[in-house]
Amino acid sequence: MTSPLGTELAQRGIAPDCIQTIELVRDVLARVGDKWTLLTITVLASGPLRFTVLHEQVAGVSQRMLSQTLRALNRDGLVTRTAYPEVPPRVEYALTPLGRSLHEAVNGLVRWVRDHQSEIVGNRDEFDQTPAANAGTPPPA
């Protein structure tokens, strides 16, 4: 089954292996750009956690959304799910080496934001003062 993006790229003459890479990059960026993914990976960086503890530490996430996020991260190989044969059952989630490497990359982005925070805020303030900024729709909060 070909995606609409894949069909469009194929019509433009893009090679099939490049189409696959482009689609995967977009998919992974969408996953990584999701706030629940980033928060879950950040919390799991400290070590394996049970679902209940993870839910308590990822502020604002519903159980359903956390479950969906963990399933997607598990599918991508970023998180492992280990079920222990105990009574009551115990399930733990942990970052894989691939998930740890993503955490390192995310930390690099966080450090960059921290290093440039005042510059970004200043640029936003300056932009928001211009007539062009006030002519269109207001910038997102």
Side-chain angles (χ1 to χ4, degrees), residues 1-130 132-141:
M1 181 173 170
T2 305
S3 72
L5 173 63
T7 302
E8 179 185 338
L9 293 172
Q11 289 171 348
R12 292 185 188 180
I14 306 295
D17 59 328
C18 291
I19 292 171
Q20 186 178 13
T21 300
I22 291 167
E23 289 178 323
L24 184 59
V25 166
R26 283 184 171 208
D27 187 51
V28 169
L29 286 175
R31 170 102 54 252
V32 173
D34 175 69
K35 70 179 176 179
W36 301 124
T37 293
L38 292 178
L39 292 172
T40 301
I41 286 174
T42 300
V43 170
L44 284 174
S46 62
L49 293 172
R50 294 178 75 167
F51 183 90
T52 313
V53 176
L54 187 56
H55 182 251
E56 290 169 356
Q57 292 188 19
V58 179
V61 70
S62 68
Q63 288 185 353
R64 180 174 185 258
M65 184 54 66
L66 180 58
S67 181
Q68 289 176 349
T69 300
L70 288 167
R71 188 171 297 120
L73 292 173
N74 185 246
R75 180 176 182 246
D76 286 345
L78 300 169
V79 168
T80 59
R81 178 187 186 274
T82 306
Y84 295 94
E86 300 174 354
V87 178
R90 178 171 57 107
V91 177
E92 286 185 343
Y93 296 90
L95 291 180
T96 64
L98 186 60
R100 290 207 172 280
S101 70
L102 176 58
H103 180 256
E104 291 170 13
V106 168
N107 272 346
L109 178 60
V110 170
R111 279 191 300 276
W112 181 87
V113 170
R114 221 179 0 215
D115 291 347
H116 299 281
Q117 183 172 348
S118 61
E119 186 178 352
I120 293 167
V121 170
N123 288 335
R124 286 180 175 183
D125 289 344
E126 183 180 326
F127 179 86
D128 291 346
Q129 300 295 324
T130 64
N134 297 321
T137 58

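What you see is a predicted model, and the numbers here were worked out from it, not measured in a lab.
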Using a 3.5 Å distance criterion without hydrogens, assess whether the side chain of [X] forms a donor-acceptor pair with backbone atoms of [Y].
| X | Y | result |
| --- | --- | --- |
| H55 | L66 | no |
| E92 | A83 | no |
| T37 | G33 | no |

Reported [atom1]-to-[atom2] distance for the pair [X] and [Y], which is rounded to 0.5 angstrom:
| X | Y | atom1 | atom2 | value |
| --- | --- | --- | --- | --- |
| D27 | D76 | CG | CG | 6.5 Å |
| L78 | R31 | CG | CZ | 8.0 Å |
| L70 | M65 | CG | CE | 11.5 Å |
| Q117 | W112 | CD | CH2 | 11.0 Å |
| Q57 | S46 | CD | OG | 6.0 Å |
| L95 | L102 | CG | CG | 8.5 Å |

Requested in this report: Identify whether the distance between the nearest side-chain nitrogen and carboxylate oxygen of E104 and R100 falls below 4.0 Å.
Outcome: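 Between R100 and E104 there is no salt bridge, as every charged N stays at least 4.0 Å from the carboxylate O atoms.
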Query raised in the report: When V79 is tested against each of T96, T40, L44 for side chain to side chain contact (heavy atoms under 4.5 Å, CB included), which residue passes?
Result: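 That would be L44; it is the only one of T96, T40, L44 passing the side chain to side chain contact (heavy atoms under 4.5 Å, CB included) with V79.
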Give me the atom names and distance for the closest heavy-atom approach of [X] to [Y].
| X | Y | answer |
| --- | --- | --- |
| I14 | C18 | CG2-CB, 3.6 Å |
| P89 | R50 | O-NH2, 3.6 Å |
| T42 | L38 | OG1-O, 2.8 Å |

Query raised in the report: side-chain contact (heavy atoms from CB on, under 4.5 Å) with E119: which residues, sequence neighbours excluded?
Result: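 Partners of E119 under the side-chain contact (heavy atoms from CB on, under 4.5 Å) test: H116, N123.
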Report task. Carefully, step by step, assess L24 and Q20 under the rule side chain to side chain contact (heavy atoms under 4.5 Å, CB included). Result -> CA-CA 6 Å; L24 184 59; Q20 186 178 13; 5.7 Å; no
Requested in this report: Under the salt bridge (Lys or Arg N to Asp or Glu O under 4.0 Å) rule, what do R124 and E126 come out as? Steps first, then yes or no, please.
Outcome: CA-CA 5 Å; R124 286 180 175 183; E126 183 180 326; over 6 Å; no
Requested in this report: For side chain to side chain contact (heavy atoms under 4.5 Å, CB included), just list the numbers for Q68 and W36, CA-CA rounded to whole Å, side-chain angles, deciding distance to a tenth of an Å, and then say yes or no.
Outcome: CA-CA 10 Å; Q68 289 176 349; W36 301 124; over 6 Å; no
Requested in this report: With side chain to side chain contact (heavy atoms under 4.5 Å, CB included) as the test, would you mind laying out the steps for V106 and I41 before giving the verdict?
Outcome: CA-CA 9 Å; V106 168; I41 286 174; 5.7 Å; no
Query raised in the report: Going through the checks in order, is the side chain to side chain contact (heavy atoms under 4.5 Å, CB included) test met by Y93 and V91?
Result: CA-CA 7 Å; Y93 296 90; V91 177; 3.9 Å; yes
